[in-house]
Amino acid sequence: MAHGDVGLELGARVAGALRRGLGVEITPVEAVVRPSTREGADYQCNAAMSLAKRIGKAPREVAQAIVDHLDAADMVEPPEVAGPGFVNLRLRDEWLRARAAGLLGDPRLGVPAAEEPRRYALDYSSPNVAKEMHIGHLRSSIIGDAVLRLLRFAGHEVTPHNHLGDWGTPFGMLIEHLVDEGHSADTGISDLNRFYQEARAKFDADPAFAERSRARVVALQGGDEATLTLWRELVGESTRYFQKVYELLGILLTPGDIYGESFYNPYLDAVIEDLDAKGLTTISDGAVCVFPPGFANREGDPLPLIVRKSDGGYGYASTDLATARYWAAERGMSDLLYVVGMPQAQHFQMVFAASRQAGYLTDAHTAVHIGFGTILGEDGKTIRTRAGGSVKLVELLEEAVQQAAKTVAERSSLDSDRQVEVARAVGIGAVKYADLSNDREKDYVFTWSRMLAKEGNTSVYLQYANARAHSVLRKAGQEPAGEVLITEPAERALVLKLLQLPAALAATVEAYAPHKLCAYLYEAATAFTAFYDTCPVLRSDVPAETRASRLVLTKVTSDVLTLGLDLLGIAAPHEL
RNA sequence: GCCCUCGUAGCUCAGCGGAUAGAGCAGGAGCCUUCUAAGCUCUUGGCCGCAGGUUCGAGUCCUGCCGAGGGCGCCA
């Protein structure tokens, strides 16, 4: 039972009124019906003012025409014109009650599925083989995963792909080091960071080793089978490690989603030839370049995308062009999404521009760089360990779980096994929510005390509200069913908020902006706790119909919170 | 030097061209014989960086300036 955005539904009614009253055609979106903060108004229509000039009438006159011709008596109370030409709309309680009751048992909670599903290729996470994941991979993994869940729920086909750094010059020294170590079974590379650093140190100190490493790169790229076997071992070990991190973080990526740099390697020559055949390439200082229009360097000269280095090697521009071509042309995707930090914004603009020049992307395709800001330490600078190194992701997550466990131990009455699970849900949820609840394009400050706070706009607040709802449901001794009644203001406010999930999700998906969903969920949780506070459900003096109605509202609220948290990749335990 | 992003309450952040700019934290005052107080209610606190412009209407759009961060050819 999909209903969608209440504001758009009202917008459609307003559009009808304008057509009948003034012969003006507008779309429901153009009716600009928005939730109102005014006393007594649930929504307000702002269309009259902007239309006034266009049709040569006074704003209030237009507003009055909307009011006079509005066919929405089933939905709203008789509307009124206010101020310079606002039309204030108050939903009828009967309508709210029926809608709210319709949410019970609806797995989509009123959210319609996309009418025209699209095919998305979503690039996120992208760690490097033979390197431990660090805090720099956190945002891409968390945001990308949320986008994946959100788009899928919206009814689209989404193919995630993990662009592993699994190719290039460092692998010469890594493989050579693996050979030196006399690697067998599970010794040697399980500590990835140490392994990488050892190889690096040897490369810098030992010219003979460096020479062997360079030869090894050539062997690797030449397809030498013995070398490839060792390389696969490195990749395999890393993949197993990434999978553990993803599992800890609750990220949906699997080994099957890996499309590393090596995957695109066989396509690179063809891409360069193709660009060349289309007359897009220029040789500059020995490098093969594409100059997409509109980009300049510091001297004001055209800025190149170097598709083949002067030494004949390939850089990330080549790989990214091959990636675009592969997903759009070979896999038939309509939309290419890249969850990569903001500093790469210009690079992606250039890659997209060149891809369009080359015809890899057409008007039927969209390509979006879902950029994100940097995680800052409490000093406002890029976060680092005291030693100045990058913060290891696993250590950070373990600390989050540990800190959460302390609070859980103080508060929870669950047995210790279940407390472990709850601490994980709370700790990991806190890290994810702190990230997702900020506008992704901005930098944000990573603060333990704030993200794990026992109060305020945190994941714990949402999880706690949900747990309280479940507690009521557990103790009710009856299944939620029946009519929804509205007697208390808190009940009305909650119903109104629950019906805004479709609008919140639509806004979230449209802008790939999970923080909009976070804001909505926090409002919903706030509305619920106010309801919880003033509207007893199970108390003996509550009439049976009221009890049943409130159980329905409690159930729908917990469904909304659980779904919302799930779309963010955050667990919603029934008990804390 | 050019380009991009960001400047909103003491702090951390929302804010879709619309009415008197909202939350959380911190500060102040209250609320547990009652479904989880990780909660609720009330309250203090704003030249929306500055200056122009567009508009019936600007925190939001445009221009300039100031401040912070990032990018600007063979790392990815």
Side-chain angles (χ1 to χ4, degrees), chain A residues 32 34-38 44 46 49-50 52-53 58-59 82-86 88 126 128 163 165 168-170 261 284-289 295-301 303-311 313-317 319-320 340-347 349 371 373-374 376 380-382 407-408 410-413 426 434 437-439 441-445 447 449-450 453-458 460-461 463-465 467-476 507 510-511 515-516 518-519 522-523 526 529-530 532-542 550 554 575-576:
Chain A
V32 277
R34 299 279 144 79
S36 177
T37 53
R38 307 298 279 194
Q44 60 183 58
N46 304 332
M49 281 88 72
S50 55
K53 177 169 270 185
F86 298 102
N88 286 337
S126 312
N128 295 310
H163 201 104
T169 47
E261 286 164 13
S284 174
D285 294 339
V288 181
C289 302
F295 298 92
N297 68 10
R298 79 186 78 202
E299 277 79 39
D301 300 327
L303 195 58
L305 220 38
I306 295 174
V307 294
R308 183 154 56 204
K309 299 190 284 184
S310 51
D311 68 0
Y314 297 105
Y316 75 147
T319 318
D320 283 346
V340 180
M342 283 306 292
Q344 312 259 6
Q346 184 175 255
H347 166 73
Q349 291 320 306
T374 309
L376 305 176
K381 295 179 181 163
T382 305
T407 310
V408 170
E410 285 168 19
R411 301 276 164 178
S412 180
S413 54
V426 169
S437 59
N438 283 296
D439 182 346
E441 292 194 5
K442 294 189 186 176
D443 297 346
Y444 84 96
V445 178
T447 317
S449 62
R450 229 185 342 269
K454 286 180 286 210
E455 61 276 308
N457 183 7
T458 60
V460 187
Y461 181 88
Q463 290 169 324
Y464 183 64
R468 291 168 112 188
H470 274 285
S471 175
V472 172
L473 294 169
R474 254 195 322 277
K475 290 178 179 168
E510 165 160 16
H515 81 279
K516 289 175 191 268
C518 293
Y522 183 65
E523 287 167 14
T526 301
T529 50
Y532 182 92
D533 217 49
T534 54
C535 301
V537 182
L538 306 177
R539 220 165 59 184
S540 55
D541 59 342
V542 175
R550 289 177 178 171
T554 301
E575 293 175 72
L576 300 186

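Chain letters run A, B, ... following the sequence lines, proteins first and then strands; every chain starts at 1.
A distance of about 10 Å separates the P atoms of B:C61 and B:U5, rounded to the whole Å. Across B:U55 and B:C74, the matching C1' atoms stand 49 Å from one another, rounded to whole Å. The same atom, P, is picked in B:A9 and in B:A23; the two are 15 Å apart, to the nearest Å. Separating the C1' atom of B:G28 from that of B:U44 is a span of 7 Å, rounded to the nearest Å. Nucleotides B:G1 and B:G18 are separated by 36 Å at their P atoms, to the nearest Å. The P atoms of B:G67 and B:A58 are separated by 28 Å, rounded to the nearest whole Å. To the nearest whole angstrom, the two C1' atoms, one in B:G22 and one in B:G59, are 12 Å apart. Across B:C16 and B:G7, the matching P atoms stand 12 Å from one another, rounded to whole Å.
Here the side chains of A:Lys454 and A:Val460 are not in contact, with every heavy-atom distance at 4.5 Å or above.
Residues satisfying the side chain to side chain contact (heavy atoms under 4.5 Å, CB included) criterion with A:Tyr464, sequence neighbours excluded, are A:Arg468, A:Leu576. Take A:Asp541 and apply the salt bridge (Lys or Arg N to Asp or Glu O under 4.0 Å) test, not counting sequence neighbours, and it matches A:Arg539. Residues satisfying the side chain to side chain contact (heavy atoms under 4.5 Å, CB included) criterion with A:Tyr316, sequence neighbours excluded, are A:Asp320, A:Gln344, A:His347. Residues that satisfy the side chain to side chain donor-acceptor pair (under 3.5 Å) test with A:Glu261, not counting sequence neighbours, are absent from this structure. Judged as a ring pair (Phe, Tyr, Trp, His ring centres under 6.0 Å), and not counting sequence neighbours, the contacts of A:His163 are A:Tyr264. Judged as a side chain to side chain contact (heavy atoms under 4.5 Å, CB included), and not counting sequence neighbours, the contacts of A:Arg474 are A:His470, A:Ser471, A:His574, A:Glu575. Partners of A:Ser50 by side chain to side chain contact (heavy atoms under 4.5 Å, CB included), not counting sequence neighbours: none found. Here A:Glu523 pairs with A:Lys497 under the side chain to side chain donor-acceptor pair (under 3.5 Å) rule; sequence neighbours left out.
Residue contacts shown for A:Pro343 are limited to sugar-phosphate atoms, with no base heavy atom under 4.0 Å away. Using a 4.0 Å heavy-atom distance criterion, A:Gln44 is classed as a base contact. No engagement by A:Ala465 is indicated, since no non-hydrogen atom pair under 4.0 Å with the nucleic acid exists. A:Gln463 comes within 4.0 angstrom of no nucleic acid atom, judged by non-hydrogen atoms across all strands. Nucleic acid contact class of A:Met342 (heavy atoms, under 4.0 Å, all strands): none. If you check every strand for non-hydrogen atoms under 4.0 Å, A:Arg308 touches nothing. The residue A:Ser284 sits close to a base: some heavy atom pair falls under 4.0 Å. Nucleic acid contact for A:Gly315: sugar-phosphate only, since backbone atoms but no base atoms lie under 4.0 Å from a heavy atom of the residue.
Ranked by how close their nearest RNA chain B nucleotide is to the 5' end, A:Pro35 and A:Asn88 are led by A:Pro35. Of the two residues near RNA chain B, A:Ala530 and A:Arg34, the one whose nearest nucleotide lies more 5' is A:Arg34.
Atom NE2 in A:His347 sits roughly 14 Å away from atom P in B:G73 (whole-Å rounding).
A donor N or O paired with an acceptor N or O is not found under 3.5 Å between the base of B:G57 and the side-chain atoms of A:Ser50.
Within 6.0 Å of CD on A:Glu410 lie more than 12 heavy atoms contributed by other residues, nucleotides or ligands.
Annotated as anti: B:C72, whose glycosidic dihedral deviates from 0 by more than 90°.
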For residues 304-311 of chain A, dump all side-chain donor-acceptor pairs below 3.5 Å to protein atoms at least two apart in sequence or in another chain.
{"from": "A:Arg308", "atom 1": "NH1", "to": "A:Tyr314", "atom 2": "OH", "distance (Å)": "3.2"}
{"from": "A:Asp311", "atom 1": "OD1", "to": "A:Gly313", "atom 2": "N", "distance (Å)": "2.8"}

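For the pair A:Thr374 (side chain) and A:Leu376 (backbone), a donor-acceptor distance under 3.5 Å is absent.
Neither side chain, A:Ser437 nor A:Tyr522, offers a donor N or O lying under 3.5 Å from an acceptor on the other.
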remark   = Contact string for nucleotides 27-37 of chain B, one letter per nucleotide 5' to 3', B = base within protein heavy-atom range under 4.0 Å, S = sugar-phosphate only, - = neither, reads -------BBBS

note = 5' to 3', nucleotides 6-15 of chain B under a 4.0 Å protein heavy-atom cut-off (B base, S sugar-phosphate only, - none) gives SS----SSSS

Under the 3.5 Å Watson-Crick or G-U criterion, the dot-bracket string of RNA chain B, with | for inter-strand pairs = (((((((..((((....[...)))).(((((.......))))).....(((((..]....))))))))))))....

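Among the nucleotides B:A19, B:C75, B:G73, the one closest to any side-chain atom of A:Lys309 is B:C75. Taking every side-chain heavy atom of A:Ser310 into account, B:C74 is the closest of B:A19, B:G18, B:C74.
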